[in-house]
Amino acid sequence: MENTIKVERAILNLTQGDLAEKIGVSRQTINSIEANRYVPSTVLALKLSKVFGKPVNDFFKLSEGD
Amino acid sequence: MNAKKIIKCERSKIEKWSQFQLNNHWKIKGIIFCFIIFVATIVLKFNEVNTEWVRFGFRKALLVGLLVIALSKEKTEDEMIVSLRAKSFRLAFILAVLYALIQPIVDVLVFNLLGKPISSSSFSYFQVLSFMLIIQIMFFEVLKRNR
């Protein structure tokens, strides 16, 4: 799974800490998601979608191995 | 009560029990408690008070302290922390079973190689449980630090 959360975050001018606070997780969790070390749950993905104002498919993409 | 109700009841009860955790402030209390027990064990080791029942009580207390640490929530208990905790419990469980299987063999090998007699209390529930809890806490902290 690949994602463009870092880009979406930059568009909204949000820090990792700001985004983490908005969706109720820790800053390290946002960092891990951005680095593709952790795949978030559907609930978290939908929370991100709400913050970015875009469908989940716009910033999460399946990679070759998935 | 029909089968569906029983299944629903079982599922909800298991879900409820599996989510049991202590508040974050219990973690520091558990650490202090374990430290006190550890120091007291060392002190009593060199005193005449070191009786069987004191040792028994201290072992139980140490296990309770370790369990409190293992069950305490983090300050931000998000889904990633839950996932890391599950990983650490899985690893600790597997390693504890392996430890329980291998340790008696090591005892026999030591006996055969060194001729050192195997003490009846050399392998106990305390060893396995404390090993499992320590491994869980250790793995969880390592996973958390490297997330």
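The figures here come from the full heavy-atom set of this structure, side chains too, leaving out hydrogens, waters and symmetry mates. Proteins get letters first, then strands, A, B, ... in listed order; numbering begins at 1 in each. Source: prediction; values computed, not measured.
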Heavy-atom pair with the smallest gap, counting every atom of A:V56 and A:S49: CG2-CB, 3.8 Å
Taking B:F126's backbone N and O only, do any of them form a donor-acceptor pair with B:R59's side chain (distance below 3.5 Å, no angle check)? no
Pair up each side-chain donor or acceptor in residues 16-24 of chain A with any protein partner under 3.5 Å, not counting sequence neighbours, and list the distances.
unit_1	atom_1	unit_2	atom_2	d
A:Q16	OE1	A:R27	NH1	3.2
A:Q16	NE2	A:N31	OD1	3.4
A:Q16	NE2	A:E34	OE1	3.0
A:D18	OD1	A:T15	OG1	3.3
A:D18	OD2	A:T15	N	3.2
A:D18	OD2	A:T15	OG1	3.0

Under a 4.5 Å heavy-atom criterion, the part of residues 138-147 of chain B in contact with chain A comprises B:N146, B:R147
Side chains of A:L48 and A:F60, heavy atoms from C-beta outward: is any pair under 4.5 Å? yes
Side chain of B:N24, backbone of B:K73: donor and acceptor closer than 3.5 Å? yes
Could you tell me whether the side chains of A:T29 and A:S26 share a donor-acceptor contact shorter than 3.5 Å? yes
Indicate yes or no: at least one non-hydrogen side-chain atom of B:S130 is less than 4.5 angstrom from one of B:L63. yes
When rounded to the nearest 0.5 angstrom, what distance separates NE2 in B:H25 from NZ in B:K29? 4.5 Å
Toward chain A: residues of residues 76-87 of chain B with heavy atoms under 4.5 Å: B:T76, B:D78, B:E79, B:M80, B:S83
Chain A contacts: which residues in residues 30-42 of chain B have a non-hydrogen atom closer than 4.5 Å to it? none
Please say yes or no: joined through hydrophobic side-chain contacts below 4.5 Å, possibly via intermediate residues, are B:I137 and B:F89 part of one cluster? no
Does a side-chain heavy-atom distance below 4.5 Å link B:L71 with B:Q21? no
If we only count heavy atoms from C-beta on, is the B:L66 to B:L129 side-chain gap below 4.5 Å? no
Taking all non-hydrogen atoms of both residues, which atom of A:K54 and which atom of A:I11 are closest, and how far apart? NZ-CD1, 4.4 Å
Distance-only side-chain donor-acceptor flag, A:E2 / A:S63, under 3.5 Å: no
